[in-house]
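This report refers to the structure that appears directly beneath it.
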Amino acid sequence: MALLDIRNLSIDIETAQGKIRVIDKASLNIVEGSIHGLIGESGSGKTLIAQAIMGLHNNNWTVTADRMFLGGIDLTKLSQKERRQIMGKEISMIFQKPSSYLDPSQKIHTQIKSVLPKQTMKIRIRRILGKIRRVNVQSSRLQMKELLHKVGIQHDISILNSYPHQLSEGVCQKIMIAMAIANNPRLIIADEPTTSMEAVTQSQIFRLLYKLNQLNNTTLLILSNNFANTSNISDYMTLVYCGQTVESGSYKQIITSAMHPYTQALLKTMIHNDPSHEHKGELYTLPGNIPSANQLPIGCRLGPRCPRAQRTCVENPSVTIKKGHSFRCHYPIKLS
Ligand code: SF4
């Protein structure tokens, strides 16, 4: 069952040069309890999509969508205030560069306390034989320690009494994850959660996210430009290029039968995936660069870089869906 169902999400941003369509009819279908990778180069619009889901957009944005449902909630019908109320409870976000999102002037315990459920003293009262009995009292301090233990931080007291600048990026990211899970949200969006971290810390963070999904059945949407790392833990993947979602499917569908030239190019960058790659041979890259937002090509935005492009590609390709595998291309690889 889909927890998040987005169809034809578009974002237009008002700039000095006029309106720019930064996200063009992006669709995303996230199955409850799954790990979904949203993969694309830096600047492809992954963060903008996440911000639109969270309702974190500025006044100069125009966000439209044919459908935008979180469970049974129609996100397009909610006011900003109602949207803020579900943030944290239903959806949480883990940002890239965690140290810049934590308040440098506040100790960690103050920051974690601010996201704990309003009821900091959990008191369950049962009436037994007419008497009121206090069954369970849990201090917020205890809750904070529990959260830190969940994300693998053992030295809870020293961490809680530290400022963000006294901690490493890896620990700060674990704290962000602890804050994200404080309210048991149904969906966690992790935006490049391991950017600029050492390889060991990267795998720790990915293991932690995987554990969260497996133990709590938390749905994860992981935004990343690293195809190899993200595909390792993803059940489903959506590829995004220049504000357009180009292909979406299960891990197996994407790895074994990619239809879109962009997906194929990303797969070729994983050396073990390309049997024709020679020892010390040049790594495969698509020619050219990702275009800037104010110089977007007409039609399929991969056109100027696509080895299969033809005249018809100046028209926007429609989405083809086969057994849950969707792609947007006039000349898909397998069907030609
Ligand atoms: S529609 Fe054309 S330009 Fe776009 S990916 Fe397909 S072949 Fe390439």
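Being a predicted model, the structure only gives us computed values, none of them experimental. Read the numbers this way: they start at 1 and go in the same order the structure lists the ligands and their atoms.
Comment: Lys97 does not engage Glu192 in a salt bridge, judged by the lack of any side-chain N to carboxylate O separation of less than 4.0 angstrom.
The side chain to side chain donor-acceptor pair (under 3.5 Å) check on Thr15 picks up nothing, with sequence neighbours excluded.
By the 6.0 Å contact criterion, CD1 on Ile73 is enclosed, its count of non-hydrogen atoms from other residues, nucleotides or ligands being greater than 12.
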Only distances under 3.5 Å count here; give the side-chain donor-acceptor pairs of residues 147-156 to other protein atoms, sequence neighbours excluded, each with its distance to 0.1 Å.
residue: His149; atom: NE2; partner: Asp156; partner atom: OD2; Å: 2.5

Cut-off 3.5 Å, no hydrogens considered: what does the side-chain donor-acceptor table look like for residues 1-8, sequence neighbours left out?
residue: Asp5; atom: OD2; partner: Arg7; partner atom: NH2; Å: 3.1
residue: Asp5; atom: OD2; partner: Arg67; partner atom: NE; Å: 2.6
residue: Asn8; atom: ND2; partner: Asp66; partner atom: OD2; Å: 2.7

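Remark: Leu267 CG to Phe227 CZ distance equals 4.0 Å, nearest 0.5 Å.
Listed by chain and number, His260, Pro261, Cys300, Leu302, Gly303, Cys306, Arg308, Ala309, Cys313, Pro317, Cys329, His330, Tyr331 each place a non-hydrogen atom less than 4.0 angstrom from ligand 1.
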